[in-house]
Amino acid sequence: MTDWEIALIIPIPPGSKEERTKAVILAGGKGTRLRPLTCGMPKPIVPVLNRPLLEHILLNLVKIGVKEVVLTVSHMPDAIRDKMGDGSQYGIRLYYVHEETALGTSGAIKNAERFLDGPFFVFNGDILTTINLDDMAKRHLEVRPKVTIALTPVENPIMYGIVETDEHGMVQRFVEKPTWDKVTTNLINAGIYILETDVLKYIPPGTPSMFENYVFPKLLEVGEPFLGYPADGYWIDIGTPEKYLKVNLDLLEQRGKSIFTEGESRIDPAAEIEPPVLIGSGCDIAAGAKIKGPAVLGPGCTIAENANIENSVLWEGVRICTGSSIKKCVIGERSYVQEDCRLEDCILGAYVVVGKGTTEWEAKIPPKTFVSPRT
Ligand code: GDD
Ligand code: MG
């Protein structure tokens with residue numbers, strides 16, 4: 001029996017059958033648009049403020065009383081399970097349901113059917129939001145449709161699925177990734193649903209299918225009640241490196257103008273640090289280094305003399321040498337930027353070495369992305 005099969009037969013512990021105690025997170029996508037950051041790490045665990053992305057989502061669910069979360073995994077499942085464990089550190093129970101081949105957003109939920117009863121939340125695994133989930137759940141229980149879907153306004157609906165509703169807020173139509181001429185609203189599918197279990201009968205077992213272009217339109221076709229929940233609040237889909245950088249800087253700014261340190265680091269008194277800056281444990285910041293926030297340093301980063309870091313996110317073990325300047329960049333794990341480089345708007349994968357004196361123009365690698373041959 002494989003580890004995965006063992007994970008599947010762990011019985012759900014007896015406990016509260018209170019509604020809203022369960023959620024499923026879709027964590028099986030390949031994260032191709034987030035490359036090179038996802039070359040060696042699956043999207044659901046990329047570090048956001050030095051914690052795995054999924055941790056932020058889980059803590060949001062814990063706040064509203066979710067006790068059991070099923071992670072549907074497919075791409076790099078072991079890395080996700082090693083990082084997230086059994087959920088005990090969050091006071092919840094985590095289950096992993098593995099898809100040998102990816103089953104799509106709805107196929108993944110069908111595959112987790114044995115874990116589900118009562119209405120449950122479904123979350124895309126790449127969304128960070130302050131949408132009021134408690135209120136969304138209340139609305140669902142008041143109206144009791146088959147599905148409630150959170151809707152959020154965006155400036156660029158063509159990157160998402162637009163959702164049209166009637167004057168009572170009931171969903172009328174979905175258009176996934178519309179062209180501009182098909183855009184009739186700026187309200188899009190926020191990737192958060194509450195489903196009644198009998199929706200599962202509309203999903204074919206063992207075969208790939210998507211909520212967005214198959215199951216949801218099917219529910220509308222047969223006249224099942226489908227509620228839209230337009231929501232206020234911060235919402236971001238961490239689909240691209242630009243969004244990844246933005247979410248880190250936004251969340252750090254929301255924490256306030258401080259220097260946040262996680263454990264011991266050596267910060268020379270002659271280093272200049274302009275908050276908000278998050279510094280992981282075991283960093284070494286030399287005299288004359290300048291860090292202008294918002295900026296995030298992962299654990300074990302080394303910032304040498306007169307290096308300059310601005311509005312950037314550095315992953316674990318990154319080394320920036322003397323005189324180099326890093327602006328609006330994401331630098332992957334253990335990458336090494338040698339002396340006197342100038343990088344701006346660059347996304348580096350893991351284990352990249354940027355040679356001495358490199359500037360973005362000299363590098364000439366569109367779209368300013370460096371991928372290590374090792375990834
Ligand atoms: N388990 C599993 N299996 N998960 C999957 C699979 C799969 O086959 N395919 C995708 N996922 C997960 C991804 O990991 C991600 O967390 C979520 O499903 C959504 O997939 P994306 O690839 O990120 O979709 P998208 O961003 O293009 O569009 C979706 O999200 C938008 C909101 O961000 C759609 O639901 C849009 O309608 C929506 O507006
Ligand atoms: Mg997405």
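Numbering of ligands and ligand atoms starts at 1, following listing order. One is the number of the first residue; the rest follow in order along the sequence.
Atom 3 (N) of ligand 1 has its closest protein heavy atom at E99 OE1, 2.9 Å. The shortest contact between atom 26 (O) of ligand 1 and any protein heavy atom is with D237 OD2, 2.8 Å. Among protein heavy atoms, the minimum distance from atom 18 (O) of ligand 1 is reached at L26 CB, 3.5 Å. Here the protein heavy atom with the shortest distance to atom 4 (N) of ligand 1 is G28 N, 3.0 Å. If you check which protein heavy atom lies closest to atom 35 (O) of ligand 1, you get E212 OE2, 2.6 Å. Among all protein heavy atoms, the one lying closest to atom 23 (O) of ligand 1 is D126 OD2, 2.8 Å. The protein non-hydrogen atom at the shortest distance from atom 38 (C) of ligand 1 is N189 O, 3.2 Å. Atom 9 (N) of ligand 1 has G29 CA, 4.1 Å as its closest protein atom, hydrogens excluded (heavy atom only).
Under a 4.0 angstrom heavy-atom cut-off, M210 registers as lying outside contact with ligand 1. Using 4.0 Å as the threshold, K43 has a heavy atom nearer than that to some atom of ligand 1. Distances from ligand 1 to the non-hydrogen atoms of R33 include at least one value under 4.0 Å. Ligand 1 is approached by G104 to a heavy-atom distance shorter than 4.0 Å.
Here the side chain of N132 pairs no donor or acceptor atom with the backbone of A231 at under 3.5 angstrom. Proximity of a side-chain donor or acceptor of S106 to a complementary backbone N or O of S209 within less than 3.5 Å is detected. Counting only distance, with no hydrogens or angles, the side chain of N60 and the backbone of H56 share no donor-acceptor pair below 3.5 Å. Panel note: side chain S324, backbone D340; a donor-acceptor pair is recorded below 3.5 Å. Checking side-chain atoms of T38 against main-chain N and O of R35 turns up a donor-acceptor pair under 3.5 Å. Looking only at distances, a side-chain donor or acceptor of S265 sits under 3.5 Å from a matching main-chain atom of C283. N50 places a side-chain N or O within donor-acceptor distance of the main-chain N or O of L297, the cut-off being under 3.5 Å. When atom types are taken as modelled, the side chain of Y96 and the backbone of G85 share a donor-acceptor pair closer than 3.5 angstrom. Looking only at distances, a side-chain donor or acceptor of S312 sits under 3.5 Å from a matching main-chain atom of K328. Within the 3.5 Å criterion, the main-chain N or O of G263 finds no donor-acceptor partner in the side chain of S281.
Under a 4.0 Å criterion applied to the non-hydrogen atoms of T105, ligand 1 contributes the atoms 18 (O). For ligand 1, the atoms sitting less than 4.0 Å from at least one non-hydrogen atom of A102 are 8 (O), numbered in the order shown with element in parentheses. Ligand 1 places these atoms under 4.0 Å from at least one heavy atom of Y193: 35 (O). Counting atoms of ligand 1 from 1 in the listed order, those under 4.0 Å from a heavy atom of L103 are 8 (O). The K177 neighbourhood of ligand 1 comprises atoms 25 (P), 27 (O), 28 (O), with distances under 4.0 Å to a heavy atom of that residue. Counting atoms of ligand 1 from 1 in the listed order, those under 4.0 Å from a heavy atom of I127 are 33 (O).
The neighbour count for K177 NZ, taken as heavy atoms of other residues, nucleotides or ligands under 6.0 Å away, is above 12.
Aromatic pair Y193/F121: centroids not less than 6.0 angstrom apart.
Annotation: cation-pi geometry not satisfied between R334 and Y336 (NZ/CZ under 6.0 angstrom from ring centroid, within 45° of ring axis).
For the Mg ion (ligand 2), the tally of protein N/O/S atoms lying closer than 2.8 Å stands at 2.
Between E176 and ligand 1, a contact under 3.5 Å exists for at least one N or O pair. On a distance-only criterion, G125 and ligand 1 share at least one N/O pair closer than 3.5 Å.
Only the side chain of W235 comes within 4.0 Å of ligand 1, counting heavy atoms alone; its backbone N, CA, C and O stay farther away. With a heavy-atom cut-off of 4.0 Å, F123 does not touch ligand 1 at all.
Contact annotation for atom 21 (P) of ligand 1: protein present (non-hydrogen atoms, distance under 4.0 Å).
A salt bridge does not link E344 with K327: none of the charged nitrogens is closer than 4.0 Å to a carboxylate oxygen. Salt bridge status for D134 with K63: absent, with no side-chain N to carboxylate O gap under 4.0 Å. Between D198 and K146 there is a salt bridge, since at least one side-chain N of the basic residue sits less than 4.0 Å from a carboxylate O of the acidic one.
Summarising the geometry, atom CG belonging to N124 is positioned 9.5 Å from atom CZ belonging to F211; distances are rounded to the nearest 0.5 Å.
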Could you walk me through whether V313 and V48 pass side-chain contact (heavy atoms from CB on, under 4.5 Å), step by step?
CA-CA 9 Å; V313 175; V48 173; over 6 Å; no

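In this structure, of I188, I149, N124, the residue bringing a heavy atom nearest to atom 30 (O) of ligand 1 is N124.
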